Amino acid sequence: MEEKTWKNPTIAWIDRRMPVFTMMHHDLVDYPTPRNLNYWWNFGSLAGIALTIMIVSGIVLAMNYVPHVDHAFESVERIMRDVNYGWLMRYLHMNGASFFFIVVYIHIFRGLYYGSYKPPRELLWMIGVIILLAMMATAFMGYVLPWGQMSFWGAKVITNLFSAIPLVGESIVTWLWGGFAVDQPTLNRFFSLHYLLPFVIFGLVFLHLVALHTSKSNNPLGIDVKGPQDTIPFTPYYTIKDAFGLGVFLIAYLGFVFFAPDFFGEPDNYIKANPMQTPPHIVPEWYFLPFYAILRAMTFEIWFITAKLGGVILMFGSVLILLALPWLDRSPVRSGRFRPIFKIFFWLFVVDCVLLGMVGARPPEGVWVMIGQAATAFYFAFFIIILPLLSVLERPRPLPASINTAVTRSGAGAPAMGAAE
Amino acid sequence: MATTATPPEHADEEDTRRDFLLIATGTLTAVGVGLAAWPFIDTLNPARDTLAVATTGVDLSPVEVGQAITVVWQGKPVFIRHRTEKEISEARSVPMDVLVDPQMDQDRVQKPEWLVQIGVCTHLGCIPLGQKPSDPKGDYGGWFCPCHGSHYDTAGRIRRGPAPKNLEIPPYDYVEESRILIG
């Protein structure tokens, strides 16, 4: 790390004793970033901003929310009607959850397409998967807090997943509930954990960034940075690009907050929880629909595994398999740009995930059961069969000699050009 | 080779133009952040349902001469004392120049026999004693704050001790002959 001298004496005094300013300068200003990052690389910083918006709006909401089965629903309505700008805080938080997932899903698909999980970034990727899991837990518990019909029955259905575990399942469910039904103890602990987990995520994001700044950013070409000619400093080039992306993101996000705040929500959640009556059609929030479809795809037993247990295994497996991705895809070429067959399967995988989402939104009847099973089969086949086979069978296109030669005119004119060999 | 990526040389005109852009962008950002922060700050202000219960009605008829009652208004105690002739004349005979916070007794009441004031010591917010018959009333027959020893007279004016001001008078009106609405 090169020594930075600070002109401001106060900053210099602090920095000599605790080099936070030097670290910030190193990681946010001088930080060498590949010069060819496209707009798909905006979504990491957007995810960080979404997390911040969720934490800030959530802290304000928690000041007015009452985690009690008799008051939770009413306290949310009070936030909407009586608390100054309470409607804004709640709509920011509700839609913020959706946009956080939109941003993170795009971020994940970007990593998938450009091979950002491959060496040396395996751990960076795995921390990201853990962040996704923590986000899912946080979002699920947060959705329970307003104590509407969907909150209650979502909580009941999802916690009941654990009853599929042989022998100890029922005990685990009772332990999760803190009783014999989803009730006051459940709501109270979900509130506690919903407040805790975002800060755990914040810590995980910090580790994600430590890992990122150790191996440095991947890039659309997927080739390593070979020298200073391949990089540009993060500030001003990527700070301004991230800021522009943030502006576009905020227009879309706030567009929903102000003009279609209930677009992503379920009307049934404006009915107070009634433990005696299940709504006719329970669906999770949209960001869980693909996983919900995978859960329901299992309609038959395999040996001793019941359909219920099988569905639960597949659902958790669909996220956990991402942890193994760096070892399932052994192709040495990172970027999908140079992998003609992978590219086709990647887009099929994207379509498959959207299809699973559509299946998850519909009642498990008729042709949708079959479609859900086929889409689930393809989901796992992509990871377990297609990627390992492509690692061996696919012949990648030749890689450019360096980022600089591929993306700059002066670089392309230089004799180092080696892409056409 | 790498020269294309470095910014143009800093000519003087270039500097002023860039300075203008930086200052303009910075100012707009600061205004935007300020506007965005306001809703978050304003949520901490009293909500509409809190404001809606901001008035308290009190029926004075059961309170005999010499008695005092304490009612709650906006979460604070309000002292209402039905003063005796002696207390009123004591309060009105005090010369202004001995008062810490000079104020006529006539300016502190709407009807001389009813003294209505917020029962929160103006020093650091304790509740002075003097409402119950058994309470110490301080050296001036009014109220005595046990926290730091402030003495208030029969008009609720500070006479001795660290408190800087007289007990505060809440806004109130007689809605009937013996009924007031505070707030």
Side-chain angles (χ1 to χ4, degrees), chain A residues 32-33 35-36 52-53 55-65 74-75 77-93 227-233 236-237 239-240 243-244 246-247 250 254 257-258 402-405 407-417, chain B residues 1-57 71-76 78 125 170-171 181-183:
Chain A
T33 318
R35 65 195 311 161
N36 59 336
T52 310
I53 292 173
I55 289 180
V56 173
S57 58
I59 287 172
V60 171
L61 287 173
M63 291 179 190
N64 290 291
Y65 171 77
E74 286 80 358
S75 74
E77 288 311 305
R78 181 179 167 269
I79 288 168
M80 293 301 289
R81 292 152 195 249
D82 287 338
V83 175
N84 303 322
Y85 290 105
W87 58 272
L88 178 60
M89 296 304 134
R90 174 151 175 271
Y91 283 151
L92 280 175
H93 205 69
Q229 72 279 7
D230 288 344
T231 65
I232 45 178
Y237 298 102
T239 32
I240 203 69
F244 176 73
L246 174 63
L250 287 178
L254 296 179
V257 167
F258 289 122
S402 76
I403 293 170
N404 187 45
T405 54
V407 300
T408 67
R409 204 186 301 152
S410 61
M417 179 71 183
Chain B
M1 193 172 92
T3 49
T4 48
T6 54
E9 293 301 311
H10 287 250
D12 282 347
E13 305 156 61
E14 200 73 36
D15 266 354
T16 50
R17 191 177 149 80
R18 178 158 292 189
D19 287 347
F20 171 77
L21 285 171
L22 273 175
I23 292 166
T25 313
T27 309
L28 260 178
T29 309
V31 170
V33 168
L35 287 174
W38 172 245
F40 291 88
I41 296 162
D42 193 35
T43 54
L44 304 184
N45 276 320
R48 274 183 248 174
D49 60 335
T50 311
L51 294 175
V53 292
T55 58
T56 302
V71 297
V72 178
W73 172 67
Q74 292 188 349
K76 292 174 291 227
V78 172
L181 185 67
I182 307 172

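Convention: sequence-line order gives letters A, B, ...; per-chain numbering from 1. Just so you know, these numbers use all the heavy atoms, side chains as well, and skip hydrogens, waters and symmetry mates. Bear in mind the structure is a predicted one, so any value in this text is a computation, not a measurement.
For A:Y91, the ring-ring contact (aromatic ring centres under 6.0 Å, His included) criterion is met by no residue, not counting sequence neighbours.
Of the residues listed (A:L88, A:V60, A:L92), the one engaging B:P39 in a side chain to side chain contact (heavy atoms under 4.5 Å, CB included) is A:L88, and it is the only one.
Using a 4.5 Å cut-off between heavy atoms, A:R81 contacts chain B through its backbone alone, with no side-chain atom that close. Looking at B:L51, neither its backbone nor its side chain comes within 4.5 Å of chain A, counting heavy atoms on both sides.
Taking 4.5 Å as the limit, every side-chain heavy atom of B:T43 sits out of range of all side-chain heavy atoms of A:M63.
A donor-acceptor contact shorter than 3.5 Å links the side chain of A:N84 to the backbone of B:D42.
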